[in-house]
Amino acid sequence: MDTVRWRSASPRSDPEMIDVRRLRHDPAEARAALARRLDDGALAQFDRVLELDDRRRTVLTEVERMRADRNEASREFARRKQAGEDLTALQAELGKAAARLKDLEEDLREFEALQESHLLAIPNFLATDVPEGGVEANVELRRWGTPPRFDFTPKPHWELGEQLGLFDLPRGTKVAGSGFPLFTGMGARLVRGLANFMLDLHTREHGYTEVVPPLLVNEASARGTGQLPKFADDLYRLERDELYLLPTAEVPVTNIHAGEILDAEMLPVAMVAFTPCFRREAGSHGKDTRGLIRVHQFDKVELVRLCRPEESEAEHAAITAHAEAVLQRLEIPYRALALAAGDTGFASARTIDLEVWAAGVDGWLEASSASTFTDFQARRAGIRFRAAAGVKPEFVHTLNASGVAFPRTIIALLENGQQADGSVVLPEALAPYVGVERLVPPT
RNA sequence: GGCGCGGUGGCAGAGUGGUUGAAUGCACCGGUCUUGAAAACCGGCGGCCCUUCACGGGGCUCGUGAGUUCGAAUCUCACCCGCGCCGCCA
């Protein structure tokens with residue numbers, strides 16, 4: 001199917017962060033772009049980076065000059081040894097030079113490490129069309145569907161779920177802890193049906209290749225997609241093994257081609273994965289935590305695309321449409337929001353959220369986030385392609401979208417589909433996957 | 001988990017301390033030849049960084065990192081990965 005180009009155990013020995021040369025080339029532009037995110041910490045990082053870069057390059061130039069001298073001296077040494085000359089004096093002299101070089105190389109390593117740590121904390125450049133401002137400035141792009149009307153008071157999903165025997169949250173809490181839901185009976189069947197429904201849609205109609213990725217990822221992968229180092233608190237970590245539970249399939253799937261140079265014909269790469277996701281949700285306790293709204297473990301079908309830079313605009317529209325198609329087939333009313341600068345994620349250049357209407361909780365819930373990361377993740381993960389034989393490799397652009405996250409989809413299905421008698425009517429497209437057209441209380 | 005062997009350019013495969021970024025073959029790109037193609041022949045051909053308007057110059061890179069040495073693909077140590085056998089296990 002495709003050609004795997006790397007064989008080594010560590011394909012990412014030399015990761016790039018944000019393009020330093022871009023920062024260096026037009027600092028004012030870069031600083032202004034960064035300021036749009038309304039993140040003072042990032043700005044502080046930025047100022048440090050430029051200063052460090054300057055000092056780093058000064059030392060680098062010196063180190064390289066000394067190494068050039070050493071290489072030349074070494075060749076001279078070999079020649080004179082061949083000629084049988086006495087080299088003890090020269091050897092001593094070169095030894096001193098080697099020691100000086102070693103000190104300087106240590107300085108260089110320090111600068112490099114320091115600069116890298118700052119660079120890793122600088123977020124992606126935003127697309128120019130991202131609205132200015134914070135979360136209040138998000139722009140509603142479009143709405144699809146009509147929220148249902150009821151002649152009774154619609155119940156929240158946690159009541160429906162319990163009455164219909166779909167999930168048992170207290171027992172999930174007993175087994176693992178709060179936020180680890182237990183689906184039971186037809187609820188479990190609903191989860192399985194949703195997975196098959198979404199995977200079929202994306203593989204058959206949208207051209208995605210299905211993958212089942214590792215659920216644990218290493219540090220390099222988490223750094224590649226931008227979860228680390230900044231968002232370590234959001235990840236479940238297995239300290240003994242230096243591994244992390246995936247917060248989203250974006251992490252393992254995007255990293256599938258890390259460290260590779262892809263053939264241009266392989267692009268765009270389009271992959272879909274159904275996985276559980278694990279999030280610590282540190283600091284969000286007590287907020288939107290009823291029922292399934294915010295949980296530590298949830299299922300999600302994730303779409304990931306790798307493409308040529310000139311295609312990423314169109315790809316972003318396409319991947320968003322693929323996510324929307326899921327909600328449309330499920331007849332779930334939703335709205336698409338263009339996230340404002342201050343609300344856009346660290347690695348993203350532009351994000352469009354899809355929020356589903358949930359009648360029981362009477363509000364909009366984010367069920368999908370479709371982002372283009374331009375070359376940000378590709379740099380960190382080292383994903384490149386060669387446009388033509390003989391030309392330099394360039395970074396791909398990466399994109400992903402939830403297609404879609406399960407809990408809020410289930411919330412919408414239950415709350416919007418509920419009937420006066422307490423049953424829930426499933427959308428036509430989903431019913432065959434679940435095996436019933438209507439969820440009724442267990443007998 | 002234990003023992004053993006091994007990781008060199010897109011691939012195959014030399015190289016065990018001194019102009020070796022690395023022979024050779026294949027693949028690939030350009031050219032000659034040809035009506036065209038193939039063959040043959042000639043030339044080119046990894047990645048990254050710094051510097052330069054450019055031409056060019058320099059450095060790093062032989063799984064990764066550290067070390068020994070005037071000098072490391074070559075010696076030492078740690079780690080990662082692969083293969084084989086044994087043990088354990090779904």
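Keep in mind it's a predicted model, so treat the numbers as computed, not measured. Lettering of chains follows the sequences in order, A, B, ..., and the numbering in each one begins at 1.
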Nucleotide opposite [N] in a Watson-Crick or G-U pair, distances under 3.5 Å:
N	result
B:rA40	B:rU32
B:rU20	none
B:rA27	none
B:rA90	none
B:rA72	none
B:rC83	B:rG4
B:rU64	B:rA78
B:rC53	none

Has [X] got a side-chain N or O lying under 4.0 Å from the OP1 or OP2 atom of [N]?
X	N	answer
A:Arg21	B:rC50	yes
A:Arg79	B:rC70	no
A:Arg70	B:rC60	yes
A:Asn218	B:rC80	no
A:Asn71	B:rG71	no

Considering every strand and a 4.0 Å limit on heavy-atom distances, what is the contact class for [X]: base, sugar-phosphate, or nothing?
X	result
A:Arg67	sugar-phosphate
A:Arg109	sugar-phosphate
A:Lys96	nothing

Length of the line joining [X]:[atom1] and [N]:[atom2], which is rounded to integer Å:
X	N	atom1	atom2	value
A:Glu105	B:rA66	CD	C1'	13 Å
A:Leu262	B:rG10	CG	P	14 Å
A:Glu260	B:rG47	CD	C1'	15 Å
A:Glu219	B:rG65	CD	C1'	15 Å
A:Asp54	B:rC50	CG	C1'	13 Å
A:Arg379	B:rG47	CZ	C1'	15 Å
A:Glu116	B:rC49	CD	C1'	14 Å
A:Lys102	B:rG71	NZ	C1'	14 Å

Interatomic distance at [atom1], [N] relative to [M], whole Å:
N	M	atom1	result
B:rG44	B:rG56	P	15 Å
B:rC3	B:rA73	P	30 Å
B:rU24	B:rG18	C1'	23 Å
B:rG31	B:rG25	P	22 Å
B:rG71	B:rU20	C1'	13 Å
B:rG9	B:rA23	C1'	13 Å
B:rA39	B:rG30	P	14 Å
B:rA72	B:rC60	P	9 Å

Pick the closest RNA chain B nucleotide for A:Arg65 and for A:Ala98 by heavy atoms, then say which residue is nearer the 5' end.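 Comparing both residues, the 5'-ward one is A:Arg65.
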
A:Lys392 or A:Gly95, whichever maps to the more 5' nucleotide of RNA chain B: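 Its nucleotide being nearer the 5' end, the pick is A:Lys392.
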
Compare the minimum distances between each of [options] and the side chain of [X], then state the nucleotide with the smallest one.
X	options	answer
A:Ala68	B:rG59, B:rG18, B:rG67	B:rG59
A:Arg386	B:rG46, B:rC49, B:rU68	B:rG46
A:Arg57	B:rC50, B:rG59, B:rG18	B:rC50
A:Arg56	B:rC70, B:rU19, B:rC50	B:rC50

So, A:Thr374 versus A:Asn124: side-chain donor-acceptor pair below 3.5 Å or not?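 A donor-acceptor contact under 3.5 Å links the two side chains.
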
I'd like to know whether the aromatic ring centres of [X] and [Y] sit less than 6.0 Å apart in this structure.
X	Y	value
A:Phe231	A:Phe346	yes
A:His118	A:Phe46	no
A:Tyr433	A:Phe197	yes
A:Phe406	A:Phe274	yes

hbond_proxy A:Lys81 side chain to B:rG18 base (donor-acceptor, 3.5 Å cutoff):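 In this structure, the two groups form a donor-acceptor pair.
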
Mutual orientation of the aromatic rings belonging to A:His206 and A:His202 [parallel < 30°, tilted 30-60°, perpendicular > 60°]: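 A:His206 vs A:His202 ring planes: tilted.
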
Flag, side chain of A:Ser117 to backbone of A:Leu114, donor-acceptor distance under 3.5 Å: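 Indeed, once roles are kept as given, a pair shorter than 3.5 Å links the two residues.
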
NZ/NE/NH1/NH2 to OD/OE distance under 4.0 Å, A:Asp263 and A:Arg386: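 Salt bridge between A:Asp263 and A:Arg386, a charged N being under 4.0 Å from a carboxylate O: no.
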
